[in-house]
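Atom set for the values below is all heavy atoms of this structure, side chains included, hydrogens, waters and symmetry mates excluded. When a ligand or atom number is given, it counts from 1 through the structure's own listing order. Residue numbers run from 1 in the order of the sequence given.
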Amino acid sequence: MPVLVMKFGGTSVANLDRIKRAAKRVGVEVAKGYDVIVIVSAMSGKTNELVGWVNETSPLYDAREYDAIVSSGENVTAGLMALTLQEMDVPARSWQGWQVPVKTTSAHSAARIEEIPTDNIMGKFGEGMKVAVVAGFQGLSPEGRITTLGRGGSDTTAVAFAAAFEAERCDIYTDVDGVYTTDPRITDKARKLDKIAFEEMLELASLGAKVLQTRSVELAMRYKVKLRVLSSFEEQSDTAGTLVCAEEEIMESNVVSGIAYSRDEAKMTLISVADRPGIAAAIFGPLSDAGVNVDMIIQNIAEDGRTDMTFSCPTDQVKRAEKAMEDAKSAGDINYHDLIADTDVAKISAVGIGMRSQSGVAAKMFKTLSDEGVNIKVIATSEIKISVLVDRKYMELAVQALHDAFELEKAV
Ligand code: ASP
Ligand code: MG
């Protein structure tokens with residue numbers, strides 16, 4: 001029997017009625033002849049509640065106990081989903097991560113999946129079981145402790161199972177009906193994409209389009225798992241939602257596929273650092289050691305052997321970045337006149353695999369922003385992405401203008 005993986009996010013299993021609704025969808029696929037692996041999240045809000053309890057009990061908690069507690073939300077939904085399916089006369093049972101076992105590293109609260117043996121579940125399929133309901137987000141460390149994969153990690157569980165079981169597809173049921181050209185809350189011209197390439201999705205996911213955990217997309221790309229994002233609240237056809245797939249499967253697409261934004265980006269400028277070999281390493285080494293995720297970097301023109309260095313990082317890492325720079329300065333590794341943090345900026349990015357073969361995208365983006373009177377503070381580009389930092393008050397305007405300029409409301 002072909003295997004299908006179906007993942008239901010927190011809002012899709014938020015209460016018993018919704019679990020029933022999700023179970024009915026599973027029943028439809030079973031009737032089509034699939035053996036189904038269902039991956040469930042915790043009921044929406046549950047994980048946050050559990051995290052809250054941990055913090056209240058022990059602010060400097062033991063990470064192993066954090067995982068033991070925070071993983072438990074998924075156990076409840078896995079059991080309830082299996083029971084609901086049984087009530088529908090669909091042969092089903094639940095598995096917690098350790099029972100499969102989902103073998104992970106021991107990096108608690110950010111563990112990586114290393115291996116998923118298939119014999120256990122396949123054996124049960126062979127005996128006539130139709131649905132394996134697996135608790136997402138959790139695994140087992142080499143030390144025999146429960147681990148979790150990081151927030152949003154059940155997407156990664158789903159893709160990892162799809163890869164391990166060579167599933168025909170991995171369907172991610174969520175509260176939106178697919179991946180959009182931009183956030184529909186910012187412009188009602190946002191259009192649902194039928195298909196998007198893994199690489200584009202990776203850029204959009206890491207840029208803050210919170211539909212899929214970034215790591216799940218990385219995994220899907222590596223193992224060529226066909227990933228579909230769709231709503232559990234709407235009637236579905238076989239072509240519903242957005243298919244995240246290999247570039248080769250997309251015949252035609254707009255040059256730009258989507259406009260992403262991130263509100264939580266800060267611009268940091270080191271004023272007057274020595275312009276000498278090794279200065280970038282002396283700055284960005286300590287930042288990386290301090291766990292600061294630097295995104296864009298600009299080194300300005302040097303004058304009299306001094307230069308300004310600008311970089312961007314998430315707003316909540318500004319304090320850490322400042323401390324890392326002060327420490328490096330006290331240690332005599334770098335010398336700068338001042339460190340200026342501008343936290344009133346937003347990052348806007350145009351993403352599209354079409355940029356590989358078409359030029360002029362950057363020029364069009366800059367012209368569009370200039371026509372709107374939006375000043376660009378920092379620019380960074382990659383093969384399929386152009387990002388700019390602008391004042392946060394222009395964020396919506398910039399996204400709308402770019403969405404119009406690249407005619408994203410129209411499919412090709
Ligand atoms: N329940 C976990 C979370 O809220 C994992 C997930 O839903 O993907 O982060
Ligand atoms: Mg999620």
Side-chain angles (χ1 to χ4, degrees), residues 5-15 18-19 22 37-55 61 63 65-81 94-98 100 102 104-105 107-113 116 133-140 146-163 170-180 183 196 201-202 204-220 225 227-233 241-242 244 260 262:
V5 172
M6 301 172 78
K7 182 252 169 179
F8 293 94
T11 48
S12 308
V13 291
N15 55 46
R18 291 200 183 163
I19 292 177
I37 299 176
V38 172
I39 309 290
V40 286
S41 285
M43 291 172 165
S44 60
K46 192 69 208 173
T47 310
N48 286 344
E49 181 182 45
L50 295 168
V51 170
W53 289 349
V54 170
N55 286 322
Y61 53 75
E65 299 307 342
Y66 169 98
D67 277 352
I69 296 158
V70 167
S71 62
S72 67
E74 272 72 8
N75 297 344
V76 176
T77 35
L80 287 172
M81 177 64 81
S94 69
W95 266 268
Q96 296 183 6
W98 65 271
V100 176
V102 177
T104 72
T105 60
H108 284 279
S109 83
R112 285 183 169 266
I113 297 177
I116 301 176
V133 186
V134 179
F137 178 52
Q138 50 175 262
L140 185 69
I146 304 297
T147 54
T148 63
L149 311 178
R151 298 305 305 270
S154 50
D155 294 334
T156 300
T157 306
V159 174
F161 271 79
C170 180
D171 286 346
I172 306 275
Y173 285 89
T174 173
D175 50 2
V176 293
D177 62 350
V179 180
Y180 277 72
D183 186 342
I196 185 165
M201 191 62 228
L202 212 48
L204 295 174
S206 59
L207 289 169
K210 295 201 172 57
V211 208
L212 290 172
Q213 198 195 34
T214 307
R215 268 184 35 226
S216 71
V217 185
E218 283 168 4
L219 261 192
V225 172
L227 197 58
R228 196 162 63 136
V229 177
L230 65 178
S231 160
S232 60
F233 300 105
T242 300
V244 190
S262 157

> Any N or O of Phe137 that comes nearer than 3.5 Å to an N or O of ligand 1?
Replying inline: no
> Any side-chain donor-acceptor pair under 3.5 Å between Thr148 and Asp67?
Replying inline: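 There is such a pair (donor and acceptor under 3.5 Å, judged by atom type) between the side chains of Thr148 and Asp67.
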>> I need the single residue from Asn75, Thr147, Thr157 that forms a side chain to side chain donor-acceptor pair (under 3.5 Å) with Gln138. Which is it?
In response: Asn75
> With respect to Thr156, which candidate in Gln213, Arg215, Glu218 satisfies the side chain to side chain donor-acceptor pair (under 3.5 Å) definition?
Replying inline: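 Between Thr156 and the candidates, side chain to side chain donor-acceptor pair (under 3.5 Å) is satisfied uniquely by Gln213.
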> Is Glu74 touching ligand 1 with its side chain, its backbone, both, or neither, if touching means heavy atoms under 4.0 Å apart?
Replying inline: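 Contact part for Glu74 vs ligand 1: side chain (C-beta onward).
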>> Return the closest protein heavy atom for atom 6 (C) of ligand 1 as residue, atom name and distance.
In response: Ser154 OG, 3.0 Å
> Which protein non-hydrogen atom lies closest to atom 7 (O) of ligand 1, naming both residue and atom, and how far is it?
Replying inline: Ser41 OG, 2.9 Å
> Mind checking whether Gly153 has a heavy atom under 4.0 Å from ligand 1?
Replying inline: yes
>> So is Gly136 touching ligand 1 or not, going by heavy atoms under 4.0 Å?
In response: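 Gly136 does not count as a contact of ligand 1 under the 4.0 Å cut-off.
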> Is Ser154 reaching over with its side chain to a backbone N or O of Gly136, donor-acceptor style, under 3.5 angstrom?
Replying inline: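 Not a single qualifying donor-acceptor pair exists.
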>> How long is the straight-line distance from CZ of Arg228 back to CE of Met6, given to the nearest 0.5 Å?
In response: 8.5 Å
> Got a sec: does the CZ of Arg18 have more than 12 other heavy atoms crowding it under 6.0 Å?
Replying inline: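 Counting other residues, nucleotides and ligands, CZ of Arg18 exceeds 12 neighbours.
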> Hey, looking at atom 3 (C) of ligand 1, which of Arg151, Gln213, Gln138, Lys7 has the closest heavy atom?
Replying inline: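 The residue whose heavy atom sits nearest atom 3 (C) of ligand 1 is Arg151.
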